[in-house]
Amino acid sequence: MESESEPYVRLASLRQLHQVMADMNTARSLADTLQTVANGVVTALGYELACVNLVRPDGDLVVAAFSGNQAAESLITGRVGSRESWERRLSMGETWGDLVFIPHTEGWVLDDDDVPQWYTDGPAPRFEDEWHPSDRLFAPMYTPGVQGGQCGELIGVLSVDRPRNGRRPGAWGREALQMYAFQAAIAISNARLRSNMQRALVRLEREQQALRASEESFRQAFEYAPSGMAIAEMGGDQHGRILRTNDALCRLLGRPASAMRRYSFSDLVHPEDIGTLLRTSAEGGRAELRLGRRDGTYVWVSLRNSVVADAADGPRFLLTHVEDIEERKRRELQLAHRASHDSLTGLPNSAELRSRLSSRLCQQRSTHTAALESIDAAFGHPAFDANGHGFDFRPGGAEAFDTFDHHVHTVAPEGERDDGTKGLAVLFCDLDGFKSINDRFGHNAGDAVLIEVARRLSQCVRDGDTVARLGGDEFVILADGLGKADAADLAVRLRSEIIQPIRAEGRAVRVGASFGIGWAHCGMTADEVLKSADERMYVEKRSRPKQHRRAG
């Protein structure tokens, strides 16, 4: 358009201007848009040099694109000018609408500021509107808003130099540059928006890829975990219902995945372990319990819960890790059994016997007995009933009450005759003639005798009674709910079983047995009870002639 005489402008020039504006708005990236803006100034507006200064996030302006001179482009592209220096430039000189023109007569004061620039010296103008090499013309670009005004935010400055016709632009040239700067601002803003959207889409795609990869990793870790895994609902009416299980858990319990979805862990847990399951925190913690297999058996597992969310605000689920600890539990039970049972006979040992006996006895009865006996003296009638319960003497109270909270007192029959009282009988058994078997036939024969005696004793007592080996050839039987006659009959039956011949080391041998019957009651210690039964056994042993002891 530099050859046009204003206001006469050829249609070809307008078409050219329209084309460069279209190119600005169809550029593929922000960098392409900026370069297209600079190139359009040179190709359509008739200037030899054009520079696009873009505002950075920190406020300073960087030379983002240059057109018209490769030497100048390589020299100043990427260089930064401070916002302060640019504001100084845009506030001085002449204002042509939105344009700022600084003639060479004023621009010399800007030669030493930090704004990147390219200019050459030249002779003084020969006529009034001739362009001087040191003249400066800026077209500020603002964010779209109020057209033609400076109400928007500054996003950059177009700097143009050396019109091809050598003259300062007239009214048409100024209007064209101002309109071009406005359209360039729109194109740059749109390019920035597209760039941000593209970056956001790339980020979103990467996040989705990462999420898909994470979900796939979780799926594979869940499905192929060597130990059991399950996902269950959390909260609501279906809390705890199993939604998904892996193959390891299905194999462990012998149940197909389709069947597992009908259950919750509370449906599968052993009845004795329900309390353990309920005490396990839903959001963490570990519990060791038994889960039911399809064949009706149970397996010991370690169960651990954690909470996972389907989305940031989505439903939450329980991820349950189930580890098979059957072998470890078996070893632990074996160790516990060995610690509490005799290694030879398998019977409870002395420590276990004392533990079971002590659990039935309380040591504070004498204090309460004294208190109730004082009540007996005051009210003139018994303080205890036949079962060892204290009577309620409060007004209107006629029912027996337990003298200790949640403890049924162990009482003993009194006197020589059977008065009908049922108590905890303690039968102390000592084998007669056992030492001679050890001496004559060896310890292997002796061990065989002890094992067989233990078996016979165990077969002759009721479920719930205890047969224990104290050591050597001494055994103790705890039998609850017996009267004196019952205990005596039990001792006779046990002696009759023991004296039967026993095969040991290929020969038949016989041993006898002496029994002492003691009675446990609250206020005694376990050792006191055992000592009492032991003493009665020795009384019984001495009461029979030595030659008749083995035969019973």
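Values reported hereafter were calculated over all heavy atoms of this structure, with side chains retained and with hydrogens, waters and symmetry mates removed.
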> What is the distance from atom CD1 of Ile188 to atom CD of Gln183, rounded to the nearest 0.5 Å?
Replying inline: 11.5 Å

Please list every donor-acceptor pair under 3.5 Å in which a side-chain atom of residues 471-481 meets a protein atom from a residue at least two apart or in another chain.
from	atom 1	to	atom 2	distance (Å)
Asp480	OD2	Arg360	NH1	2.6
Asp480	OD2	Arg360	NH2	3.3

> So, does Ser340 use its side chain to make a donor-acceptor pair with the main chain of Ala336 at under 3.5 Å?
Replying inline: yes

> Looking at Leu243 and Arg261, what are the two nearest heavy atoms and their distance?
Replying inline: O-CD, 3.3 Å

> Where the side chain of Asn190 meets the backbone of Ala187, is there a donor-acceptor pair that is under 3.5 Å apart?
Replying inline: no

> Can you find a pair of side-chain heavy atoms, one from Ile76 and one from Arg79, that are under 4.5 Å apart?
Replying inline: yes

> What pair of heavy atoms forms the shortest contact from Cys460 to Leu494, and how long is it?
Replying inline: CB-CD2, 3.4 Å

>> Is there a side chain to side chain donor-acceptor pair (under 3.5 Å) between Arg241 and Ser264? Walk through the geometry before answering.
In response: CA-CA 4 Å; Arg241 184 174 67 88; Ser264 67; over 6 Å; no

>> Measuring only between side-chain heavy atoms, which start at C-beta, is Val202 closer than 4.5 Å to Arg199?
In response: no

> Are the side chains of Arg338 and Ser343 in touch, meaning some heavy atoms are under 4.5 Å apart?
Replying inline: no

> Going through the distances and angles, do Asn39 and Gln35 end up as a side chain to side chain donor-acceptor pair (under 3.5 Å)?
Replying inline: CA-CA 6 Å; Asn39 293 340; Gln35 190 59 52; 3.0 Å; yes

> Can you check whether Arg469 reaches Leu450 side chain to side chain, under 4.5 Å on heavy atoms?
Replying inline: yes

> Taking all atoms of both residues into account, what is the closest heavy-atom pair of Arg89 and Ile102, and its distance?
Replying inline: O-CD1, 3.5 Å

> What pairs with Asp267 under salt bridge (Lys or Arg N to Asp or Glu O under 4.0 Å), at least two apart in sequence or on another chain?
Replying inline: none

> How about Val55 and Trp86: do any of their side-chain heavy atoms sit closer than 4.5 Å?
Replying inline: no

>> Before you tell me yes or no, could you show the steps for Arg328 and Glu288 under salt bridge (Lys or Arg N to Asp or Glu O under 4.0 Å), namely the whole-Å CA-CA distance, both residues' side-chain angles and the distance that decides it to 0.1 Å?
In response: CA-CA 11 Å; Arg328 175 169 69 80; Glu288 294 186 354; 2.5 Å; yes

> Are Ile242 and Glu233 close enough, and set up right, to give a side chain to side chain contact (heavy atoms under 4.5 Å, CB included), and what steps lead you there?
Replying inline: CA-CA 7 Å; Ile242 297 173; Glu233 287 192 16; over 6 Å; no

> Counting distance only, does the side-chain N/O of Thr77 pair as donor-acceptor with the main-chain N or O of Ser74 below 3.5 Å?
Replying inline: no

> Checking Ser358 side chain against Ser355 main chain: does a donor-acceptor pair fall under 3.5 Å?
Replying inline: no

> Do the non-hydrogen side-chain atoms of Ile231 and Leu318 ever get within less than 4.5 Å of each other?
Replying inline: no

> Can the positive tip of Arg162 be found less than 6.0 Å from the middle of the six-membered ring of Tyr47, inside 45° of the ring normal?
Replying inline: no

>> Check this for me, if you would: do Glu215 and Arg219 make a salt bridge, where the nitrogen-to-carboxylate-oxygen distance has to be below 4.0 angstrom?
In response: no

>> Test of understanding: with salt bridge (Lys or Arg N to Asp or Glu O under 4.0 Å), list the residues that count as partners of Arg88, not counting sequence neighbours.
In response: none

>> I need the minimum non-hydrogen distance between Ala185 and Met141, along with the two atoms involved.
In response: CB-CB, 3.8 Å

> At what distance, to the nearest 0.5 angstrom, does CE of Met524 lie from SG of Cys362?
Replying inline: 12.5 Å

> So, does Asn246 use its side chain to make a donor-acceptor pair with the main chain of Phe222 at under 3.5 Å?
Replying inline: yes

>> If you compare all heavy atoms of Gly292 against all heavy atoms of Leu253, which two are closest, and at what distance to 0.1 Å?
In response: O-CD2, 3.9 Å

>> Could you tell me if the side chain of Met260 sits less than 4.5 Å from the side chain of Leu249, heavy atoms only?
In response: yes

>> Run Ser67 and Leu49 through side chain to side chain contact (heavy atoms under 4.5 Å, CB included) and show every step you take.
In response: CA-CA 6 Å; Ser67 182; Leu49 300 176; over 6 Å; no

> Can you check whether Val37's main-chain N or O pairs, donor with acceptor, with Tyr180's side chain at less than 3.5 Å?
Replying inline: yes

>> Run Arg354 and Asp527 through salt bridge (Lys or Arg N to Asp or Glu O under 4.0 Å) and show every step you take.
In response: CA-CA 8 Å; Arg354 284 172 167 78; Asp527 287 336; 2.7 Å; yes

> Between atom CH2 of Trp300 and atom CD of Glu323, what is the distance when rounded to the nearest 0.5 Å?
Replying inline: 14.0 Å

>> Quick one, Glu223 with Arg244, criterion salt bridge (Lys or Arg N to Asp or Glu O under 4.0 Å). Give me CA distance, side-chain angles, the key distance, then yes/no.
In response: CA-CA 10 Å; Glu223 294 292 342; Arg244 182 178 173 186; 3.2 Å; yes

> Any side-chain heavy atom of Leu54 within less than 4.5 Å of one from Arg192?
Replying inline: yes

> Which residues satisfy the salt bridge (Lys or Arg N to Asp or Glu O under 4.0 Å) test with Arg206, sequence neighbours excluded?
Replying inline: none

>> Among residues at least two apart in sequence or on other chains, which ones pass salt bridge (Lys or Arg N to Asp or Glu O under 4.0 Å) with Glu452?
In response: Arg455, Arg456

> Can Leu361 and His521 be said to form a side chain to side chain contact (heavy atoms under 4.5 Å, CB included), step by step?
Replying inline: CA-CA 7 Å; Leu361 305 174; His521 64 81; 5.6 Å; no

> What distance separates Ile186 CD1 from Tyr142 OH, expressed to the nearest 0.5 Å?
Replying inline: 15.0 Å

> Distance-only, no hydrogens or angles: does the Thr297 side chain make a donor-acceptor pair with backbone N or O of Arg293 under 3.5 Å?
Replying inline: no

>> side chain to side chain donor-acceptor pair (under 3.5 Å) for Ser82 and Ser85? Distances and angles first, verdict last.
In response: CA-CA 5 Å; Ser82 67; Ser85 297; 3.0 Å; yes

> Taking all atoms of both residues into account, what is the closest heavy-atom pair of Arg174 and Leu99, and its distance?
Replying inline: O-CD1, 3.5 Å

>> The test is side chain to side chain donor-acceptor pair (under 3.5 Å); show your working for Gln208 and Arg203 and say whether it passes.
In response: CA-CA 8 Å; Gln208 290 177 340; Arg203 271 198 313 270; over 6 Å; no

> Does a salt bridge link Arg212 with Glu216, judged by any charged N lying under 4.0 Å from a carboxylate O?
Replying inline: no

>> Please list all pairs meeting side chain to side chain donor-acceptor pair (under 3.5 Å) that have one or both residues in residues 52-65, counting only residues at least two apart or in different chains.
In response: Arg56-Asp58

>> Run Arg255 and Leu268 through side chain to side chain contact (heavy atoms under 4.5 Å, CB included) and show every step you take.
In response: CA-CA 11 Å; Arg255 302 174 187 269; Leu268 301 173; 3.8 Å; yes

>> Please check: side-chain N/O of Glu528 versus main-chain N/O of Thr525, any donor-acceptor pairing under 3.5 Å?
In response: yes

